[in-house]
Amino acid sequence: MANDKKVDIENNLTLIRSLIAKHKRHDHIFAGVGMFVIISLTITLLVLFLDLVFDGYPRFNLDFLTNFPSRRATAAGILSAWVGSSLVLIVTFFAAVPLGIAAGVYLEEYAKKNWFSDLIEINVTNLAGVPSIIYGLLALGLFVYGFGLGQTILTAGLTLALLMLPIVIVATREAIRAIPIHIREAAYAVGATKWQVSLHHVIQYSYGGILTGVIIGMARAIGETAPVITIGALTFIAFLPPSPVGLEPPFINFEWLEAGFTVLPIQMFNWISRPQMAFHVNAAATGAIIILLTLLMNGLAIKIRYNIRKKIKW
Amino acid sequence: MKPLNLKKLSAVALLGAGILSMPTMAAVDIVKVDGSSTVYPITEAVAEEFQIATRIKVTVGVSGTGGGFKKFCRGETVVSNASRPIKLSEIKKCKEAGIKFIELPIAYDALSVVINKKNDWAKDMTTQELKKMWEPAAQGKITKWSQVRDSWPETPLRLYGPGADSGTFDYFTEAVIEESKAIRGDFTASEDDNVLVKGVSGDKGGIGYFGLAYYEENKNLLKAVAIKNATGDFVLPGLKTIMDGSYNPLSRPLFIYLNAAMVESDPKVKKFVEFYLKHVAELSKEVGYVPFNEQEYAAISNHYKTLQTGTAYKKPEIGLSVKQILEMSAASE
């Protein structure tokens, strides 16, 4: 009898062991597939990036950043393009971030759960997937002609803000949802109003997540070409917009918002479509700089998010 | 976590609100040019030099010839780059907006038909042969070189050409197939001419066409084909043959269109156009195009000075000389 039992147990054990081994095998397979995907993606990106760097290497100098476009490829630079891109992104940031965060907080904390907020929610998620050219056409009709803003930095900034808004809203909502309910309950328990809870706690703790959304949105905006071309960005512009800060009071002016502009991807596209090889070098250098900028922005976001998360102790 | 800095937040919000509620101010005084990407390199070169010489600001956009005319006929630009003459529908739009234009041819752009370096049979071609290869009826049927000319080998014929959005494509179909935008569907199309260069240079049976500048840049990879012209000679594309008009029908004039009222009233625009006409010969050559000869530029300048509005192209026409264009343009109104 005892012997039988022992055999039974042993049989059982081998069964369980084989089961564990099988599941572990699945584990390994999944990890392997995941690793493969990540590595092949990273390698692809790296190869593309290095290719651009090698092609554009002769142009990596200060002149390239401080010169205006020119018919002579070696004398041409991206000054008006990177200044244009930066100014447009500043407008985008100040338009999309406050609006996006406010919308996210409202939808998450204030809005009643009914068909109307469902409708808004579906629309917001939908908007995140709309092709950017559609935003360009919308902006052309609405901002350029409807509001008469013209083909300016302001228009481009607002257009890209539209593009970025759904990303910020979705990120804000996700971040807010991650905050434990106890935090809110504790605040309400000591008599805080909804506004105080949102401002002092909800937004505070969701900064990390919101920031990620903001940076992803900005990184998308910096590479956008189609909507910016649609609203009428220029290609050759060899002067800078009026400076936002001046020496005379009131020190800050907004004339630059009314200026024409070009952006990095347009400059790059123009150069790549030229027959002369020397211009392709410029295009490669510009491409490398765009990728580098995106990488820097993403890196910054990760760093800030990490610092903020470290500070939060629940 | 420290409580949110309300002051900082409100400052940011205020700045944001300030930006959004900005009243629209009058634009600074800038000579605005837009239009064709083909003409762009010439205008860019002129604008660059003009800005250095006069400190007057110039901007150049690339909306394509059609997109450029749209802006031009709304009065948003004062000069429009065009790789083809203005169309009747566009003339109508301009007329409705009360905008009169001056048409100025500025340089030649030539299409070069190119083949693989290893192709030793197709040294010359007639436009009929090109038509036979490219026309819609050839789709799926003309697949070997021998089907085009009997003496050519049975090598597979593979075609590379610009996509339908390009002005080069429009011109090629008009000049060769004699019907705008009519072409067979089974060829490798790309908006990026560098792709066409790669395609033809890597394919023994390949043939393609694009702007002369691309051929000049890639002479070591490709061979150009001599094309039979109106007088029956086979002519290779080149500076000389294009300038003397013998390389036809695959060379075409490029244009700028001027807002007549602005040229008259705005000294900056006037200066820009005069600078353009003075330097376009040398600058267009430098960026890979073929200039007209001196007499022709003199005639264009005279035409400009009379401020004669209107176009020579009341109906689409191919192969007009500069002289003919100016005469017809002068007689148009």
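Every chain is numbered from 1 and lettered A, B, ... according to where its sequence line falls, protein lines coming before strand lines.
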Does B/K285 NZ have over 12 foreign heavy atoms under 6.0 Å away?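 No.
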State whether the number of non-hydrogen atoms from other residues, nucleotides or ligands found under 6.0 Å of A/Y106 atom OH is greater than 12.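 Atom OH in A/Y106 is not packed in, count stays at 12 or less.
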Look at [options] and state which one has the largest set of heavy-atom pairs under 4.5 Å with chain B.
options: A/R274, A/R72, A/H201; answer: A/R274
options: A/N270, A/I237, A/V97; answer: A/N270
options: A/G157, A/S273, A/P69; answer: A/S273

For chain A, find which of [options] contributes the most heavy-atom pairs closer than 4.5 angstrom.
options: B/S37, B/A47, B/S63, B/G67; result: B/A47
options: B/D34, B/V62, B/V33, B/T43; result: B/V62
options: B/V287, B/N218, B/D192, B/N194; result: B/N194

Side chain, backbone, both or neither: which part of [X] has a heavy atom under 4.5 Å from chain A?
X: B/D193; answer: neither
X: B/E76; answer: side chain
X: B/E286; answer: side chain
X: B/Q51; answer: side chain
X: B/I42; answer: neither

For the residue pair A/F236 and B/Y40, is the inter-centroid distance of their aromatic rings smaller than 6.0 Å?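 No, the ring of A/F236 stays outside the 6.0 Å limit from the ring of B/Y40, centre to centre.
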Verify, without hydrogens or angle tests, whether A/Q196 (side chain) and A/T193 (backbone) share a donor-acceptor contact under 3.5 angstrom. yes
Do [X] and [Y] have side-chain atoms, one donor and one acceptor, less than 3.5 Å apart?
X: A/S70; Y: B/E48; answer: yes
X: A/T262; Y: A/S80; answer: no
X: B/Y171; Y: B/D109; answer: no

Run the ring-ring contact (aromatic ring centres under 6.0 Å, His included) check on B/F292 and B/Y108 step by step: do they pass? CA-CA 7 Å; B/F292 301 133; B/Y108 283 117; 4.8 Å; yes
Non-hydrogen atoms of chain B under 4.5 Å away: do they reach the side chain of A/F279, the backbone, both or neither? neither
